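Notes for the one structure printed next.
Quick caveat, the model's predicted, so the values are computed rather than measured. In what follows, every heavy atom counts, from backbone to side chain, and hydrogens, waters and symmetry copies are set aside.
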Amino acid sequence: MTSIPKPEGARSLLAVVLAAGKGTRMRSDLPKVLHPIAGRPMLAHVLAAVAEAGAGRLAVVVEPGRDDVARVVAGFPGAETFPQAERLGTAHAVLAARRALAEGADDVVVAFGDTPLITPETYARLRAPLGHGAAVAVLAFEAQDPTGYGRVLVEDGRVAAIREEKDASEAERRVTLCNAGLMALSGSLALGLLERIGNANAAGEYYLPDAVALAVADGHRVAVVPVAEAEAQGVNDRVQLSAAEAAVQVVLRRRAMLAGATLIAPETAFFSHDTVLGRDVVVEPHVVFGPGVVVGDRCTIHAFSHLEQARLAAGVQIGPYARLRPGAVLEEGARIGNFVEVKNAAIRAGAKVNHLSYVGDAEVGEGANLGAGTITCNYDGVNKHRTVIGAGAFVGSNSALVAPVTVGAGAFVGSGSVITDDVPPGTLAIGRGRQVIKTGWAKPTKK
């Protein structure tokens with residue numbers, strides 16, 4: 001990752017993040033900013049980025065009564081929510097955080113909860129001109145098709161205004177330098193500029209970009225900070241959500257490979273924002289990493305496996321078609337084979353669960369072996385119970401361990417057993433009906 005440029009001196013930064021939009025085009029009961037990308041709400045991507053860019057305070061403008069949005073905001077230090085009761089334009093939305101603006105900061109950055117691809121480096125570049133005397137800095141991109149965007153108007157090499165398309169002349173509509181929406185303002189001027197923005201436009205709204213013309217009229221300098229069009233794209237519907245997911249996955253895959261992991265078919269591997277892979281990890285095709293996965297060095301994740309909130313020590317192998325659910329901990333050299341599911345269980349060093357098994361709420365001791373079809377019966381319909389399998393134990397195929405139960409170290413469980421009582425160390429337990437042979441019962445073969 002490239003280093004984040006720092007403004008000169010220890011300048012304070014307030015980030016105002018607009019996150020009150022209903023997102024009707026998403027056709028969803030979930031607020032738009034909470035739709036996940038790489039296992040994380042869009043809003044959380046934005047808050048993390050502005051915080052990494054130096055924001056010590058985060059003022060998040062939200063729809064009133066959205067406790068679900070507030071819970072995401074509460075996960076970030078220095079963050080506070082501000083309700084926006086009416087929707088009268090972007091400048092009006094920023095003023096919902098009037099108290100935070102009045103408390104003061106050297107720099108103010110206005111961000112949007114539905115632009116999750118903006119990097120911390122870009123936020124830092126956006127605020128940097130303020131440290132060199134600019135009153136306002138706007139983020140802008142050269143659009144392949146500028147239709148629908150506000151145009152950044154430059155006269156004699158200086159920014160003159162930003163014109164919304166509804167209010168633009170024919171000549172102004174031919175301009176391809178477009179406003180990305182994000183803006184940085186000098187903290188000493190921000191509140192005064194915002195309060196002077198009017199709504200004398202075709203939509204009757206209070207537009208944040210009008211701060212540019214006001215600053216120019218006051219004799220202040222306005223800077224333009226370029227950004228790639230792809231990075232500046234917002235998310236307004238499910239199609240754009242999928243495009244943003246694809247863009248983030250490209251970044252995460254590249255990061256994993258540059259850190260020393262081998263992805264056999266990178267385009268088929270899907271990562272969460274916090275996935276950690278060690279050196280010399282091999283990821284086969286069609287593997288999905290949910291949130292909270294840490295994989296140690298020299299592990300192999302075979303094809304079609306799914307991991308979530310799991311930790312793998314060095315040299316672990318899982319899959320193909322394995323599922324690690326939250327709380328799965330695999331110690332060094334453990335082996336989880338095909339069609340095995342592990343949940344809230346510790347698989348100690350060198351233990352093997354190779355085929356068609358479910359291990360939940362359990363501990364499998366060092367070097368133990370669970371035969372094909374072994375299941376831990378952990379749920380009685382009301383409560384979950386724990387199974388403990390000792391070091392070096394061997395559980396035969398197609399056995400059911402009815403928790404709470406302990407299989408001692410070095411013990412054997414005969415194939416096809418249902419174990420309901422503890423098995424002492426070093427013993428053999430057989431929990432099945434005795435085989436009976438009935439002669440003369442075989443059905444004759446039809447000629």
Take atom CZ in Arg311; do more than 12 heavy atoms of anything else shown fall under 6.0 Å from it? no

Look at Arg98 together with Glu195 and state whether they make a salt bridge at an N to O cut-off of under 4.0 Å. yes

Name all residues meeting the salt bridge (charged side-chain N to carboxylate O under 4.0 Å, His left out) criterion together with Asp361; count only those two or more places apart in sequence or in a different chain, and write none if there are none. Lys343

Can you tell if the side chain of Val248 reaches within under 4.5 Å of the side chain of Leu117, non-hydrogen atoms only? yes

Regarding Thr147 and Asp145, is there a side-chain donor-to-acceptor distance under 3.5 Å anywhere? yes

Will you find, in the side chains of Gln317 and Thr300, an N or O donor that is under 3.5 Å from an N or O acceptor? no

Kindly say whether Phe271 contributes a backbone atom to a donor-acceptor pair with the side chain of Gln249 at under 3.5 angstrom? yes

Side-chain touch Asn354/Val340, heavy atoms, less than 4.5 angstrom: no

Heavy atoms, side chains only, cut-off 4.5 Å: are Thr90 and Pro209 in contact? yes

Do Thr374 and Val353 have side chains that get closer than 4.5 Å, going by heavy atoms? no

Take Leu177 and Val154 through the test side-chain contact (heavy atoms from CB on, under 4.5 Å) and record every step on the way to the result. CA-CA 9 Å; Leu177 184 63; Val154 179; 4.2 Å; yes

Atom pair OG1/CZ of Thr275 and Phe270 - distance to nearest 0.5 Å: 12.5 Å

Check each of Glu172, Glu165, Glu164 against Arg151 using the salt bridge (charged side-chain N to carboxylate O under 4.0 Å, His left out) test, and report the only one that passes. Glu165

Work out which heavy atom in Val281 is nearest to a heavy atom in Gly296; give both atom names and the distance. CG2-O, 3.1 Å

What I want to check is whether the side chains of Thr119 and Thr122 have a donor and an acceptor closer together than 3.5 Å. yes

Taking the side chain as C-beta and beyond, is there a heavy-atom pair between Thr376 and Tyr358 under 4.5 Å? yes

Specify whether Phe141 and Tyr149 have parallel, tilted or perpendicular ring planes, treating 30° as the upper limit for parallel and 60° as the lower limit for perpendicular. perpendicular

CZ/Arg173: more than 12 non-hydrogen atoms of other groups inside 6.0 Å: yes

Are there more than 12 heavy atoms of other residues, nucleotides or ligands under 6.0 Å from atom OH of Tyr321? no

How about His35 and Pro41: do any of their side-chain heavy atoms sit closer than 4.5 Å? no

Interatomic distance, Leu241 atom CG to Asp114 atom CG [nearest 0.5 angstrom]: 11.0 Å

Please report the interatomic distance CZ(Arg11) to CG(Asp106), rounded to the nearest 0.5 Å. 5.0 Å

Where do Ser169 and Arg163 land on the side-chain contact (heavy atoms from CB on, under 4.5 Å) test, with the steps shown first? CA-CA 9 Å; Ser169 67; Arg163 193 86 70 228; over 6 Å; no

Are the side chain of Asn179 and the backbone N or O of Ala140 linked by a donor-acceptor pair below 3.5 Å? no

Might you point out which heavy atoms bring Leu324 and Ala310 nearest each other, and give the distance in Å? CB-CB, 4.0 Å

Pairwise distance CD1(Ile347) to CD1(Ile389) - rounded to 0.5 angstrom: 8.0 Å

So which heavy atom on Ala184 is nearest to which on Val109, and how close? CB-CG2, 4.0 Å

Could you work out, with salt bridge (charged side-chain N to carboxylate O under 4.0 Å, His left out) as the rule, every residue matching Glu341, not counting sequence neighbours? Arg323, Arg325

Does Gly319 offer a backbone N or O that forms a donor-acceptor pair with the side chain of Arg335 under 3.5 Å? yes

Would you tabulate the side-chain donor-acceptor contacts of residues 381-388 under 3.5 Å, counting partners in other chains and residues two or more places apart, or write 'none'?
residue : atom : partner : partner atom : Å
His385  : NE2  : Asp380  : OD2          : 2.9
Arg386  : NH2  : Ala362  : O            : 3.1

Audit row: Leu182, Thr115, side-chain contact (heavy atoms from CB on, under 4.5 Å) steps and yes/no: CA-CA 9 Å; Leu182 286 76; Thr115 56; 4.3 Å; yes

Of all the heavy-atom pairs spanning Val50 and Ala111, show the shortest one and how long it is. CG1-CB, 4.3 Å

Taking NZ, NE, NH1 and NH2 as the nitrogens, is one of them in Arg298 or Asp280 under 4.0 Å from a carboxylate oxygen of the other? no

What do you reckon, is CZ of Arg238 surrounded by more than 12 foreign heavy atoms closer than 6.0 Å? yes

If only atom types and distance count, is the side chain of Glu308 paired as donor or acceptor with the main-chain N or O of Gly290 below 3.5 Å? no

Using every non-hydrogen atom in the two residues, find where Glu331 and Ala349 come nearest and quote the distance to one decimal. OE1-N, 3.2 Å

Nearest-0.5 Å distance that lies between atom CZ in Phe289 and atom CD in Gln309: 15.0 Å

What pair of heavy atoms forms the shortest contact from Ala161 to Val212, and how long is it? CA-CG1, 3.8 Å

Heavy-atom side-chain proximity of Val342 to Ile336 below 4.5 angstrom: yes

Criterion side-chain contact (heavy atoms from CB on, under 4.5 Å) on Ile264 and Val283, from CA distance to verdict: CA-CA 6 Å; Ile264 302 299; Val283 179; over 6 Å; no

Taking side chain to side chain donor-acceptor pair (under 3.5 Å) as the cut-off, I'd like each qualifying pair that reaches into residues 200-226, sequence neighbours left out, listed once. Arg196-Asp218

Is there a donor-acceptor contact under 3.5 Å from the side chain of Ser357 to the main chain of His355? yes

Check: Leu30 main-chain N/O paired with Ser28 side-chain donor or acceptor under 3.5 Å: yes

Salt bridge (charged side-chain N to carboxylate O under 4.0 Å, His left out) with Arg99: which residues, sequence neighbours excluded? Glu80, Glu103

Would you give the length of the straight line joining atom CZ of Arg40 to atom CG of Leu34, rounded to the nearest 0.5 angstrom? 13.0 Å

Using modelled atom types and a 3.5 Å cut-off, is there a donor and acceptor pairing between side-chain atoms of Ser305 and backbone atoms of Ala322? yes

Report yes if some heavy atom in the side chain of Leu194 is under 4.5 Å from a heavy atom in the side chain of Leu101; otherwise report no. yes

Which residues satisfy the salt bridge (charged side-chain N to carboxylate O under 4.0 Å, His left out) test with Lys22, sequence neighbours excluded? Glu63

